[in-house]
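Working notes for the structure below.
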Amino acid sequence: MDVKTYASRDTDQVHTDVLSEARAACYKARDSFYACLEKASLKKPTEIASVGLMYPSDCKGARVEYEKNCRASWVKHFDRLYCRNKRVQRLLDDRDTRRGPLSLPQPYTFKNTPS
């Protein structure tokens with residue numbers, strides 16, 4: 001938004017996007033989009049969303065609905081949270097696959113070479 005918009009803003013205007021019904025619609029659209037991402041997780045992501053989030057084209061309709069029902073700053077925030085949670089989950093899952101006997105590196109001893 002530019003400065004003129006803030007200066008000319010009517011202070012008595014109620015912003016419906018922060019009311020509970022609008023928030024509920026936003027959360028429902030968000031959950032629908034992320035459910036589509038989880039369902040189509042094996043498909044190759046082709047579309048680019050905010051903060052570098054990539055998603056399959058099957059979820060394009062859910063993404064449009066998500067962006068329509070939520071503020072842009074909320075979409076960016078939720079995308080960041082989703083990416084962070086997926087990254088942490090991937091690290092935790094990777095850690096579980098490496099469980100087993102702990103193998104420590106063997107100490108290396110230098111041999112004296114004749115000079």
Side-chain angles (χ1 to χ4, degrees):
M1 287 186 159
D2 60 345
V3 179
K4 292 178 186 177
T5 306
Y6 280 117
S8 65
R9 181 176 284 175
D10 184 13
T11 58
D12 294 333
Q13 181 184 2
V14 175
H15 295 281
T16 59
D17 58 347
V18 293
L19 297 177
S20 62
E21 298 89 20
R23 276 198 317 268
C26 173
Y27 296 156
K28 184 177 178 182
R30 174 200 63 186
D31 294 343
S32 172
F33 172 67
Y34 291 132
C36 180
L37 281 183
E38 295 299 322
K39 186 175 73 175
S41 63
L42 299 177
K43 295 183 180 179
K44 184 176 179 177
T46 56
E47 307 294 324
I48 299 175
S50 66
V51 299
L53 174 67
M54 295 195 59
Y55 61 95
S57 60
D58 297 352
C59 301
K60 201 169 196 171
R63 180 70 187 190
V64 169
E65 192 68 24
Y66 172 40
E67 289 176 346
K68 184 178 83 172
N69 286 317
C70 298
R71 286 181 159 195
S73 60
W74 291 11
V75 170
K76 190 174 181 181
H77 171 73
F78 291 139
D79 285 350
R80 280 190 178 143
L81 283 178
Y82 179 80
C83 290
R84 186 193 66 196
N85 290 340
K86 292 303 280 185
R87 185 170 45 248
V88 168
Q89 190 62 45
R90 189 171 54 241
L91 289 172
L92 292 175
D93 289 347
D94 186 41
R95 189 174 186 197
D96 287 342
T97 60
R98 289 188 269 158
R99 291 211 171 163
L102 183 63
S103 60
L104 298 173
Q106 299 299 320
Y108 184 81
T109 55
F110 292 101
K111 293 182 180 178
N112 289 339
T113 56
S115 323

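Arg63 places none of its side-chain heavy atoms less than 4.5 Å from the side chain of Leu37. Side-chain atoms of Lys86 and Cys83, non-hydrogen and from C-beta on, never get closer than 4.5 Å to each other.
Taking the six-membered ring for Trp and the full ring otherwise, Phe78 and Tyr34 have centroids separated by 6.0 Å or more.
A distance of 11.0 Å separates NE2 in His77 from SG in Cys70, rounded to the nearest 0.5 Å. Considering CD of Glu67 and NZ of Lys76, their distance stands at 13.0 Å, rounded to 0.5 Å.
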Taking distance alone, no hydrogens or angles, what donor-acceptor pairs closer than 3.5 Å link side-chain atoms of residues 24-32 to residues at least two apart or in another chain?
none

* Output, in order, the C-alpha distance, side-chain angles, deciding distance and verdict of side chain to side chain contact (heavy atoms under 4.5 Å, CB included) for Arg90 and Arg87. => CA-CA 5 Å; Arg90 189 171 54 241; Arg87 185 170 45 248; 3.9 Å; yes
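Hydrophobic clustering, with ILVMFWY side chains joined whenever heavy atoms are under 4.5 angstrom apart, groups Tyr66 together with Leu81.
Across all non-hydrogen atoms, the minimal contact from Tyr82 to Glu38 is OH-OE2, 2.8 Å.
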